[in-house]
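No experiment lies behind these values; they were computed from the predicted model shown. Quick note on labels: first sequence line is chain A, next is B, and so on, each numbered from 1.
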Protein chains: 2
Amino acid sequence: MLREAKDAWRPTLKRNSRLSLALHTLSHMAGNPDQTRTSADIAEHAGTNPVVVRRVLGRLREAGLLTSEKGHAGGWRLARVPAEISLADVYLALDERIVASDEPDDAPSCSVEHALHKTVAGVLQDIEQSLVQKLAETSISEVRGS
Amino acid sequence: MLREAKDAWRPTLKRNSRLSLALHTLSHMAGNPDQTRTSADIAEHAGTNPVVVRRVLGRLREAGLLTSEKGHAGGWRLARVPAEISLADVYLALDERIVASDEPDDAPSCSVEHALHKTVAGVLQDIEQSLVQKLAETSISEVRGS
DNA sequence: CATTTCGTAACTTATTTAGTTGCGTGAACA
DNA sequence: TGTTCACGCAACTAAATAAGTTACGAAATG
């Protein structure tokens, strides 16, 4: 595939379900914070696979939102009280930025491209910021339905 | 792949280069609005293929931003004066919404999932709106570099 | 009527993600 | 101590999406 100086700007929010899985799981855990849950339990509830669960929750552990223990009675627990885990924490932990205006690998050969990149990147930067800000206003314990 | 009731919410901004191509091309055309350009010309400048160009610009034509003519001296032209084509017009024409909170195909079996969907969808709705608003503040003629 | 240019369908290739299997590691417990 | 349970991780498969490409039809111009 020959794509030369044209990946200049590229918006990147993947069309994946990781954020969905993470938020869903954490919201559930917020309803019963003292319970330890295994990947298998979570996977069954979420309709997916234990390995996928560990992959996603692993990132949340790296971000300090969860802890995991091996062995008997092991599994996953919230690392903080639910009220202190915001949707933004989860979003940022997964590194799924809407903006992430990729810097061009090579300097754009074209002045229009350069100006375009700057303009759009600026807008997306603002947007990203307000997205995180709004997500930060809600904690995982506020999302519960019943 | 077995993904049952879990596509509930899914953010969807594709990691494609269509918007980039569209904006780049329109910005260029804005610099010389009376010139008709062929897919081949545009493709060469953008480092891609004429068919790809027609695919993308076709959407802009459907949205009333461009016109295309077949035959000798045919090609693409802006349908309006450049100052009246905003970045938002282009963004919307390509139907590449950041938000696009997919409604769940099936009603979520789980109350947490339901509440989560509502909460996140609300936030994303707001974000989408402000994104479009900010893009609307810039026209393709303002993006030019030199 | 020959040429040019768009319109579109079909196909290939690359990338990304989810799903899956398998095995290693460490902790609990009998 | 040794079995079991649970995570950690690597490797593979399968599906979805997008770009690129080829080919051909349709319309407009000269």
Trainee: Whole angstroms only, please: what is the CZ-C1' distance between A/Arg37 and D/dC5?
Mentor: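 The distance from CZ of A/Arg37 to C1' of D/dC5 comes to 19 Å, rounded to the nearest Å.
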Trainee: Only one of B/Asp41, B/Ile42, B/Thr36 clears side chain to side chain contact (heavy atoms under 4.5 Å, CB included) with B/Thr38; which?
Mentor: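 For B/Thr38, the side chain to side chain contact (heavy atoms under 4.5 Å, CB included) test succeeds with only one of B/Asp41, B/Ile42, B/Thr36, which is B/Asp41.
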Trainee: For A/Arg18 and A/Leu94, indicate whether the former's side chain and the latter's backbone hold a donor-acceptor pair under 3.5 Å.
Mentor: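 Such a contact is absent between A/Arg18 side chain and A/Leu94 backbone.
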Trainee: Carefully, step by step, assess A/Glu142 and A/Ser139 under the rule side-chain hydrogen bond (donor to acceptor under 3.5 Å, both in side chains).
Mentor: CA-CA 5 Å; A/Glu142 292 170 71; A/Ser139 81; 3.2 Å; yes
Trainee: Rounding to a whole Å, what distance do you find between B/Leu60:CG and C/dG7:P?
Mentor: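 After rounding, the gap between these two atoms is 12 Å.
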Trainee: Please report, rounded to the nearest Å, how far the P atom of C/dT5 is from the CG atom of B/Asp41.
Mentor: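 Rounding to the nearest Å, CG of B/Asp41 and P of C/dT5 are 8 Å apart.
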Trainee: Do A/Arg55 and C/dG19 have a side chain to base donor-acceptor pair shorter than 3.5 Å?
Mentor: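 Indeed there is one.
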Trainee: Could you state the CD-P distance from B/Glu44 to C/dT5, rounded to the nearest angstrom?
Mentor: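 After rounding, the reported distance stands at 13 Å.
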Trainee: If the sugar-phosphate is the primed atoms plus P, OP1 and OP2 and the base is the rest, what is the B/S/- string for nucleotides 22-30 of chain D, using protein heavy atoms under 4.0 Å?
Mentor: BB--BSBB-
Trainee: Return the value, rounded to whole Å, for the distance between atom CD1 of A/Ile42 and atom P of D/dC5.
Mentor: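 Distance, rounded to whole Å: 18 Å.
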Trainee: Of all the choices, C/dG19, D/dG8, C/dC6, which nucleotide is nearest to the side chain of B/Ser39 once you look at every atom?
Mentor: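 Of all the options, the side chain of B/Ser39 is nearest to C/dC6.
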Trainee: Take the protein atom CG of B/Leu57 and the nucleotide atom P of C/dT5, then report the distance between them rounded to whole Å.
Mentor: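 Nearest whole value for this atom pair: 15 Å.
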Trainee: Side-chain contact, heavy-atom cut-off 4.5 Å: A/Leu135 with A/Leu92?
Mentor: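 They are not in contact (no side-chain heavy atoms under 4.5 Å apart), so the answer is no.
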Trainee: Tell me, with the steps shown, if A/Arg61 and A/Ser68 meet side-chain hydrogen bond (donor to acceptor under 3.5 Å, both in side chains).
Mentor: CA-CA 7 Å; A/Arg61 183 192 51 231; A/Ser68 65; 3.0 Å; yes
Trainee: If you take all heavy atoms of B/Pro50 and B/Ala40, which pair is closest and at what distance?
Mentor: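 Heavy atoms only, the tightest pair is CG-CA, 4.1 Å.
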Trainee: Output the rounded distance in Å from CZ (A/Arg61) to P (D/dC9).
Mentor: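 From A/Arg61 CZ to D/dC9 P: 7 Å.
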Trainee: Atom CG of B/Leu66 and atom C1' of C/dG7: how far apart are they, to the nearest Å?
Mentor: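 It works out to 15 Å between those atoms.
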